[in-house]
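Counting convention: from 1, in listed order, for ligands and their atoms alike. As a basis for the values below, the full set of heavy atoms in this structure was taken, side chains included, without hydrogen atoms, waters or symmetry mates. It should be emphasised that the depicted structure is a prediction, and the values quoted were computed from it without experimental measurement.
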Amino acid sequence: MLFRIFRIATVATALAIQSFQPEALAWFDNTHLAIAEAAGFELWYSAAAPDVAKSKSAFNAIETPNHYFNNIDNREVDEAMVMGQVARYDVPGDREGHLYGAIIGAVREYRIVKASGKFALYPLVFCAHYVGDLSMPLHNMAHDDFNKAHHSFNDGVIDKIVRNNIALIKKNMSVIVVNNESDLAREIALVAESARKLGMAMRKENRDMTPDEAWMQVSRSASLLSAALAYAKREPFAN
Ligand SMILES: [Zn+2]
């Protein structure tokens, strides 16, 4: 009987955690906001919105694969892989995911909408979010048992204090110059590789990210986002 009660309690707790922290969020909201603010994005306060959108079941199949790449063969990420994912942006039901292409897809969408003269910033909100996801190791490796077991903790390594430490992110940012889509793809691949290699080390050592590692990763995202925004806003807007 005692065992049954314990079991029911365990299941109830698991369901409660699941409903508040759906799987594969990547960084929690505060971390996404901090990355976007450090990068100087004017809509930084919306940078967690794409996770809100994907939590709605009607959008889940379209939005969720934009947030990760399930790298089951542990392939090195390069410019060609990034560009090979662009056509899959917003294509529903792609279980492998296409985070790298989604960043470029969102930038393209911004430039197309901007060229039409309409309000165009919302695609950059998606871009800002995806560039945040990019530095999260567990979104760049196989979604296996290790990944599932460690996901939630690693999403929140610095989340409680990150909003009060934007200066720490800025301190570690580097200047990246993006002049064209090819440059952007190469820089996406570099951040993805830093995350993938960190993820491999975490799996090998069966451990979580340290706060120092998390600070470094979010600074990489902020550096890239700053460059991606500058490139996206460069005129003329014909893609
Ligand atoms: Zn996400």
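- Side-chain atoms of Asp90 and Asn66 form a donor-acceptor pair, as typed in the model, at a separation below 3.5 Å.
- The N, O or S atom of Asp51 with the smallest distance to the Zn ion (ligand 1) is OD1.
- The minimum distance between the Zn ion (ligand 1) and any N, O or S atom of Asp133 involves atom OD2.
- Among the atoms of His129, an N, O or S atom falls under 2.8 Å from the Zn ion (ligand 1).
- Residue contact annotation: His32 places no N/O/S atom under 2.8 Å from the Zn ion (ligand 1).
- The atom of His67 nearest to the Zn ion (ligand 1) is ND1, with the search restricted to N, O or S atoms.
- Counting heavy-atom neighbours within 6.0 Å of Asp145 CG, excluding the residue itself, gives a total of 12 or less.
- Thr210 pairs by the side-chain hydrogen bond (donor to acceptor under 3.5 Å, both in side chains) definition with Glu213, not counting sequence neighbours.
- A cation-pi contact, defined as under 6.0 Å to the ring centre and within 45° of the axis, is absent between Arg88 and Tyr100.
- For residues 157-167, the set of pairs meeting the salt bridge (charged side-chain N to carboxylate O under 4.0 Å, His left out) definition, not counting sequence neighbours, comprises Glu37-Arg163.
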